[in-house]
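In each ligand, atom 1 is the first atom listed, and ligand 1 is the first ligand listed. Remember, predicted model here, so these are calculated numbers, not experimental data.
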Amino acid sequence: MAVAASQLFKWVLLVAASASLLARADLRYDFYNTSCPGVEKLVRDELALKFAADVTLPAGLLRLHFHDCFVRGCDASIMLKSHNGTAEQDADPNSTVRGYEAIEDIKAKVEAACPLVVSCADIIAMAARDAVNFSQGPLYQVETGRRDGNVSLKEEALQFLPPSDGNVTVLTEYFAVQNLTMKDMVVLSGAHTLGIAHCPSFSKRLYNYTGAGDQDPSLDAAYAKNLATVCTPENVASVQPLDPMSPKTFDQGYYQSVYNHQALLVSDAALLNDSLTGAYVQLMNNASSLDTFFADFAVAMINMGRAGVRTGTDGEIRATCAIYVD
Ligand code: HEM
C-alpha cells in the first residue's frame, strides 16, 4: 500500500514527540550530533546502495537487530565470532541470520569518517530503522548512545531468543525478560511482514505436528498443500515468505495472513489464540490505513532498542564489529 509523504511526515513527528518524552536518560536522539555529524545520512546512503543490490537485505537487517537486542541487550554481541563455535552466531536460531557483512562494511565507512566514535550496536539500530523505511514502512527517530559488548555466548542465544513454536504465554515471557509488553510482542511480530523462513522452521506443521504424522489443523488447507509441494523432505533448504501477500513491502499483510490462517510459523499463528493479541491481529486485518500499525511499530522498535543497553563508560567502541572472542 502506498504511503503519502505527508502522512509519513506526520508519523515521524508523532513518534519523535511521544518517544522523546520517554527517552531513556542514557540514550538520546542525535547522540552523535557533534562527535560524528552526518553519521545517520552516511549509514542511510550506504544502505540505499546495498538494498538496491539485494532486495532481501532489509529483512535480514531487521532480524539482526532483534537477535542482537534479545541476547545481552542491543550491544552488537551478535557480531562477535568464535573459533570454537561458542558465540551467539553459532546458536541454531542464528544460523539463518543475515546482514553481518553489510553492517561491517558500513562500520568501516563510519570509522573512516569518525574513528572510534560510533558503536556497532547503534549502526545496527539505524540499519533496522532504515530497512523498515526502505520497505515503505514508517520512519522514526532512533535513540543512540549504545556501546558495544565484548562477550558473546551461544548458550545465551539459545536461552533468550523466543522459540518459533511458542504460544502467546511463552512468547510474552521471553519479551517480558527484555522489559517488553505483550503489545510490543504482537506489534513487533509484524516485522514478519518482511522476509522468509526456511523449511525446517515450519515443516513440523506440515508433516508431524503432534508426532503422529499429522498436519497443524489451524493451517488453511489450500495454503498448507501449497507449502507441502515446496517444503518437501528432499528440499529442506527451500524458503517461503513469512507474509505471502507482500513479502518485500512493510504493510499489514502479515496480520491478514495470520488472520486467514496462512501464517508460516507456529508463533505467528498462536497470536490468534489469545484474546488480546487476537484482537490486535483482527484490528490490523480490518484496518483501512496503516497509520496505527506504523505508529505502534515505531514505538515498539524504540522500546526494543532500549533492551539492556550499555551506555556512558560501560562497554566499548571497537574499530570493527566482528572480532573473535576465542
Ligand atoms: C515473536 C517471536 C519471534 C519468533 C519466534 C521469530 C522467529 C523467526 C523465525 C523462525 C524466522 C525464520 C528463520 C528461518 O527459517 O530462516 C524469522 C524470520 C524473521 N524474523 Fe522473526 N521471530 C520473532 C520475532 C521477530 C521480531 C521481534 C522481529 C523484528 C523486530 C523479527 C524479524 C524477522 C524477520 C525480518 C525475518 C525474516 C528474515 C529474513 O528474511 O532473512 N522477528 N523469525
Side-chain angles (χ1 to χ4, degrees), residues 51 54-71 74 78 91-100 102 124-125 127-132 134-135 137-138 140 142 157-158 160-178 180-205 227 230-231 236-244 246-251 253-255 258 263-271 274 277 280-281 293 296-305 307:
F51 291 156
D54 177 2
V55 290
T56 72
L57 184 60
L61 291 177
L62 179 53
R63 186 174 181 223
L64 182 76
H65 182 44
F66 159 50
H67 281 218
D68 181 34
C69 292
F70 268 55
V71 186
C74 316
I78 195 169
D92 232 24
N94 281 333
S95 63
T96 54
V97 167
R98 305 179 292 127
Y100 299 113
I124 293 171
R129 181 269 314 273
D130 294 340
V132 168
F134 272 101
S135 308
Y140 54 90
V142 165
L158 294 171
F160 291 110
L161 292 171
S164 60
D165 60 355
N167 61 30
V168 169
T169 308
V170 169
L171 297 172
T172 304
E173 281 165 8
Y174 276 79
F175 277 67
V177 170
Q178 312 296 338
L180 296 169
T181 64
M182 187 191 251
K183 164 113 189 240
D184 289 322
M185 190 271 287
V186 65
V187 170
L188 288 169
S189 293
H192 289 173
T193 180
L194 296 180
I196 46 101
H198 292 75
C199 195
S201 296
F202 57 89
S203 55
K204 197 175 158 200
R205 300 185 77 195
L227 289 178
V230 185
C231 174
V236 289
S238 64
V239 298
Q240 284 292 309
L242 285 157
D243 167 10
S246 50
K248 294 191 181 88
T249 309
F250 196 97
D251 58 16
Y254 164 78
Y255 294 106
V258 173
L264 209 46
L265 307 178
V266 168
S267 58
D268 295 324
L271 299 177
D274 172 272
T277 56
Y280 193 83
V281 170
F293 174 43
D296 287 347
F297 192 80
V299 170
M301 284 293 281
I302 291 167
N303 291 341
M304 186 173 84

Can you check whether Asp251's main-chain N or O pairs, donor with acceptor, with Thr193's side chain at less than 3.5 Å? yes
May I ask you to test the Phe175-Met182 pair for a side-chain heavy-atom distance under 4.5 Å? no
Need the ligand 1 atom indices (1-based, order shown) with element for anything under 4.0 Å from a heavy-atom of Leu242. 18 (C), 19 (C), 36 (C), 37 (C)
Do Arg205 and Leu227 come close enough that some side-chain heavy atom pair is under 4.5 Å? no
Nearest heavy atom to atom 5 (C) of ligand 1: which of Pro163, Gly190, Ala59, Pro241 does it belong to? Pro163
With rounding to the nearest 0.5 Å, note down the distance linking CZ in Phe66 to CD1 in Ile78. 10.0 Å
Do Phe160 and Gln178 have side chains that get closer than 4.5 Å, going by heavy atoms? yes
Protein residue, atom and distance nearest to atom 39 (C) of ligand 1, heavy-atom basis: Arg98 NH2, 3.3 Å
Measure across Cys74 and Gly305 and return the closest heavy-atom pair with its distance rounded to 0.1 Å. SG-O, 3.5 Å
Please list, in number order, the atoms of ligand 1 under 4.0 Å from a heavy atom of Ser189. 1 (C)
Tell me which protein heavy atom sits closest to atom 38 (C) of ligand 1, plus the residue, atom name and distance to 0.1 Å. Arg63 CD, 3.7 Å
Could you check which of Thr172, Val266, Leu265 puts a non-hydrogen atom nearest to atom 8 (C) of ligand 1? Leu265
What protein heavy atom sits nearest atom 4 (C) of ligand 1, and how far away is it? Ser267 OG, 4.0 Å
Please determine whether any non-hydrogen atom of Phe175 lies less than 4.0 Å from an atom of ligand 1. yes
Nearest protein heavy atom with distance in Å, relative to atom 6 (C) of ligand 1: His192 CE1, 3.6 Å
For ligand 1, which atoms, with element, lie under 4.0 Å from some heavy atom of Leu194? 35 (C), 37 (C)
Parallel, tilted or perpendicular: which fits the ring planes of Tyr255 and Phe293, with parallel below 30° and perpendicular above 60°? perpendicular
Between the CD1 atom in Ile302 and the CZ atom in Arg129, the distance rounded to the nearest 0.5 Å is 9.5 Å
For atom 25 (C) of ligand 1, what is the closest protein heavy atom, and at what distance to 0.1 Å? Phe66 CE2, 3.2 Å
Of Met304, His198, Gln240, the one whose closest heavy atom lies nearest atom 14 (C) of ligand 1 is His198
Under 4.0 Å from any heavy atom of Thr96, which atoms of ligand 1 are there? 13 (C), 14 (C), 16 (O)
Have a look at Ser164, Ala191, Pro162 and point out the one with the heavy atom closest to atom 2 (C) of ligand 1. Pro162
Distance filter under 4.0 Å to Gly195 heavy atoms, resulting ligand 1 atoms: 37 (C), 40 (O)
Determine whether the side chain, the backbone, both or neither of Val239 has a heavy atom under 4.0 Å from any heavy atom of ligand 1. neither
Going by distance alone, is a donor N or O of one side chain under 3.5 Å from an acceptor N or O of the other, for Asp92 and Ser95? no
Under 3.5 Å between some N or O of ligand 1 and some N or O of Ile196? yes
Thr56, any N or O under 3.5 Å of ligand 1 N or O: no
Can you name the closest pair of heavy atoms from Leu61 and Ala102 and give their distance? CD2-CB, 4.5 Å
Any side-chain heavy-atom pair of Tyr254 and Asp268 under 4.5 Å: yes
